[in-house]
Undergrad: 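A single structure is presented below for examination.
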Number of protein chains: 2
Amino acid sequence: MKKAEATRRTILEKAFDLIYMQGYQATSIDEIIATTKVTKGAFFYHFKNKEEMGLAVIKEIMYEGMYKNMTQSIADSKNPLKDIYNLFKELLLLNPYMQVKYGCPANNFMQEMAPLNDAFNIAFINMVTEWHNMIEQCIKRGKALGQIRKDVNPKQVAYFVMSGYGGIRILGKVYNSTDCYVTYLKELKSYLNSLQ
Amino acid sequence: MKKAEATRRTILEKAFDLIYMQGYQATSIDEIIATTKVTKGAFFYHFKNKEEMGLAVIKEIMYEGMYKNMTQSIADSKNPLKDIYNLFKELLLLNPYMQVKYGCPANNFMQEMAPLNDAFNIAFINMVTEWHNMIEQCIKRGKALGQIRKDVNPKQVAYFVMSGYGGIRILGKVYNSTDCYVTYLKELKSYLNSLQ
DNA sequence: CATAAAAAATACTAAGTAGTATTATTTACA
DNA sequence: TGTAAATAATACTACTTAGTATTTTTTATG
């Protein structure tokens, strides 16, 4: 990686961390540069303004992470219900980056900025739609494989399980304990089994 | 209501609105006073600082709203599954205050501030626990009434449906359309019926 | 009505904010 | 190696922020 590219990457990664823990609006450029070896000159060389940087965080860090952690494992699943359950378990209990206290980075960012910034929101829609499609396809495959009842509506189920994930992330932040994740996962398993 | 009390109330209500639409950290005292007829002197007469005001918003506006809109209708329900479904439908599609674009005020506030302010978080825990207990009791009643299967775990179900609500509020913000609410509600109905 | 306390108005401060202008350094490559 | 372009450093600006200090007005009550 070229040095300039590394500087840019440093900015995006630090910004991602701070946004994850504090929120986008509460994260200042001064703080990003104070906690890296990047100067203000370098920051504004790489990004026209704070918004452009925020957009790059979504598209280059968040989207990549979402794709890697939230879609790959169910992309060609032969056991849709099982693999969807495992995906959520992995995300909630095993993912090394996410912390109960701070929830899910994408969730946080979307909740904060979706109504406030159209450019951000377009990127959010892309992320969410991508995830939704992956889950929907997975459910459809489960039907084709005869593992899921014929009358199950894949689109509905996809929205339903996505919602559960988003919501339990909020409860986790409030209780600051994985206990509620565990409880949620038990019921998720029951629900998914009820689709058989 | 005494005049001073009205001033205090004006501050809290305007603050609630702005926090709902912009977030707590992004809402400045200057903006609150600029959009009311309240001066800075009056503001700091009623509240020691911004945090104390935020706490009052949670305890006096949000908690009240939560209690009124989210627990009363299921408090002594004789048809738990039906009434829980109706509660969510009412909250998502009929509640006059909440807007798809801005989601649920309590959700937003919790997601933003739970990890950042302990005093706020204690108040959030009270709110969430109250709601959780109400739903759990409702499910238990459903079991006692023979409307819900014996093997259903009320605590798990309560977390599960609460999660769904929190999450679909986020999706609603991103898509800025009630369509996903409608889709979600259909699957919620299926899920609740599966508990019979 | 007098007056003390409650409530509110005004003007200010110090720190933080995004962003700019200018200068300096590093890099690529002719 | 020389030099132009790319990258980065420094110092600054105009504005916003939470909060304070001080004064003024309003209210309650003897």
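The structure presented is a predicted model; accordingly, all values stated were derived computationally and were not measured.
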Undergrad: Measure from CD1 on I33(B) to P on dT10(C) and round the result to the nearest Å.
TA: 11 Å
Undergrad: Compute the centroid of each ring, for F16(A) and then for Y97(A), and state whether the two points are separated by less than 6.0 Å.
TA: yes
Undergrad: In this structure, how many angstroms lie between the P atom of dG19(D) and the CD atom of E52(B), rounded?
TA: 10 Å
Undergrad: Could you check how far CZ of F43(A) sits from P of dC12(D), rounded to whole Å?
TA: 22 Å
Undergrad: Is the shortest side-chain heavy-atom distance between M66(A) and T71(A) below 4.5 Å?
TA: yes
Undergrad: For the aromatic rings, using the six-membered ring if either is Trp, is the centroid distance between Y20(A) and F109(A) under 6.0 Å?
TA: no
Undergrad: Are K140(A) and E136(A) ion-paired here, with the side-chain N under 4.0 Å from a carboxylate O?
TA: yes
Undergrad: Report the distance from atom OH of Y45(B) to atom P of dG19(D), rounded to the nearest whole Å.
TA: 19 Å
Undergrad: Can you give me the bend angle of the helix from dC1(C)-dG30(D) to dA30(C)-dT1(D)? Use the axis through the first five pairs and the one through the last five, nearest 10 degrees.
TA: 10°
Undergrad: By ring pair (Phe, Tyr, Trp, His ring centres under 6.0 Å), which residues pair with Y181(B), not counting sequence neighbours?
TA: none
Undergrad: Expressed as a whole number of angstroms, how long is the span from N49(A):CG to dT17(C):P?
TA: 17 Å
Undergrad: If you take any heavy atom closer than 4.0 Å to DNA chain C, which residues from residues 19-32 of chain A end up in contact?
TA: T27(A), S28(A), I29(A), D30(A)
Undergrad: Does the side chain of E90(A) come under 3.5 Å of the side chain of N95(A) through a donor N or O and an acceptor N or O?
TA: no
Undergrad: Would K68(B) and Y63(B) count as a cation-pi pair here, with the cationic atom under 6.0 angstrom from the ring centre and within 45° of the axis?
TA: no
Undergrad: Return yes if a side-chain donor-acceptor contact under 3.5 Å exists between N121(B) and K173(A), otherwise no.
TA: no
Undergrad: Between D30(B) and K40(B), is there a salt bridge with N-O shorter than 4.0 Å?
TA: yes
Undergrad: Does a side-chain N or O of T7(B) approach OP1 or OP2 of dA7(C) to a distance below 4.0 Å, or not?
TA: no
Undergrad: Any side-chain hydrogen bond (donor to acceptor under 3.5 Å, both in side chains) pairs touching residues 145-168 of chain A, not counting sequence neighbours?
TA: R149(A)-D151(A), N153(A)-Q156(A), Q156(A)-E187(B), Y165(A)-R169(A)
Undergrad: Answer yes if the side chains of Q111(B) and E112(A) hold a donor-acceptor pair under 3.5 Å, and no otherwise.
TA: no
Undergrad: Could you write nucleotides 20-30 of chain C as a row of B, S and -, 5' to 3', where a protein heavy atom under 4.0 Å of any base atom gives B, of only sugar-phosphate atoms gives S, and otherwise -?
TA: B------S---
Undergrad: Whole-Å distance between dA8(D) C1' and E5(A) CD?
TA: 15 Å
Undergrad: Does R9(A) come within less than 4.0 Å of E13(A), counting only side-chain N to carboxylate O?
TA: yes
Undergrad: Assess, by modelled atom type and distance only, whether the side chains of T7(A) and Y45(A) contain a donor and an acceptor separated by less than 3.5 Å.
TA: no
Undergrad: Can you sort out which residues in residues 113-124 of chain A have a heavy atom within less than 4.0 Å of DNA chain C? Ascending by number, please.
TA: none
